[in-house]
Amino acid sequence: MNLVLLGPPGAGKGTQAEVITQKRGLVQLSTGDMLREAVKAGTVIGEEASAIMKSGGLVPDEIVIKIVAERLSASDCANGFILDGFPRTLNQAAALDNLLQAQGKQLDAVAEIKVDDAVLIDRISGRYMCADCGASFHDTNHKPKVPGVCDRCGSTELIRRKDDNAETVRNRLMAYYRETSPLIGYYFAKDKLRSVDGMAPISEVSSQIEAVLANS
Ligand code: ADP
Ligand code: ZN
């Protein structure tokens, strides 16, 4: 199963990718995570991406496409993957089509997670995650069972992303509407687009995505 999760920042792509990859034994490919790792490691790519990410803009296509191309050719992707945060531009979508075609693979579906704009800002401003395993939480919507302790791995290092603040969020939303939202039409035209209700509780959204997978 090869799936793309599409949706604005704060739609819950990362949360859902986490749930479904664990259940289905798929690989989660998050370009946001890969770029944050590059920034942390201080690589050339990380240095180029850091300021752009802090401001909420998009990292240049050639950089992200290169990262994804390398990652997709790894053997663990053979059993299926969930792309979360890629593609984000029409250029990236075309590059993905080519990459998959060259490997004799294809996308099974693109799940668009639909969320009202008004709640996105609140979701992102309240969000934090585990520094050790990446599990994500929220001040009000999704607290860990024990405060300050990661549900998944027990770590107590819970951190906030630098770009998860009200100001940067608006730039990220703008980038989404300008660059990424055309992908909805792109995948609709290819008959790959399936919409799920991202306003529903986390487990309900997961069930809807499971249903998409089951029917693709
Ligand atoms: P979110 O979906 O919550 O906005 P991500 O973790 O997916 O967050 O991405 C964080 C940042 O990383 C983006 O704002 C952007 O700067 C950069 N980024 C991630 N994926 C891509 C991509 N496919 N193309 C360009 N920039 C990207
Ligand atoms: Zn954890």
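Throughout, numbering of the chain's residues begins at 1 and tracks the sequence. Atoms within a ligand are numbered from 1 in the order they appear, just like the ligands themselves.
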Pick one of side chain, backbone, both or neither for how R172 approaches ligand 1, counting any non-hydrogen atom pair under 4.0 Å.
side chain
Does atom CZ (R170) have a neighbourhood of more than 12 heavy atoms from anything else shown, all under 6.0 Å?
no
For Q22 and E18, what are the C-alpha separation, side-chain angles and deciding distance, and is it a side chain to side chain donor-acceptor pair (under 3.5 Å)?
CA-CA 6 Å; Q22 280 185 353; E18 225 174 80; 5.9 Å; no
The one among R161, K13, E179 that brings a heavy atom closest to atom 8 (O) of ligand 1:
R161
Would you indicate which of I124, V59, N171 comes nearest to atom 25 (C) of ligand 1 when only heavy atoms are counted?
V59
With only distance considered, is P87 within less than 3.5 Å of ligand 1 through an N or O on each side?
no
Checking Q92 side chain against R88 main chain: does a donor-acceptor pair fall under 3.5 Å?
yes
What protein heavy atom sits nearest atom 12 (O) of ligand 1, and how far off is it?
M53 CE, 3.4 Å
What is the nearest protein non-hydrogen atom to atom 17 (C) of ligand 1, stated with its residue, atom name and distance?
L35 CD1, 3.6 Å
Any side-chain to backbone donor/acceptor pair from D108 onto N2? Under 3.5 Å, distance only.
yes
Side-chain heavy atoms of M34 within contact of L29, under 4.5 Å
yes
A side-chain contact here means heavy atoms from C-beta on lying under 4.5 Å apart; do D163 and N171 qualify?
no
Would you mind finding which of R127, R123, R88, R36 brings a heavy atom closest to atom 4 (O) of ligand 1?
R88
Among non-hydrogen protein atoms, atom 20 (N) of ligand 1 lies closest to T31 OG1, 2.7 Å
min-distance protein heavy atom vs atom 24 (N) of ligand 1 -> Q92 NE2, 2.9 Å
Atom 16 (O) of ligand 1: the protein heavy-atom neighbour that sits closest, reported with distance to 0.1 Å
G57 O, 2.5 Å
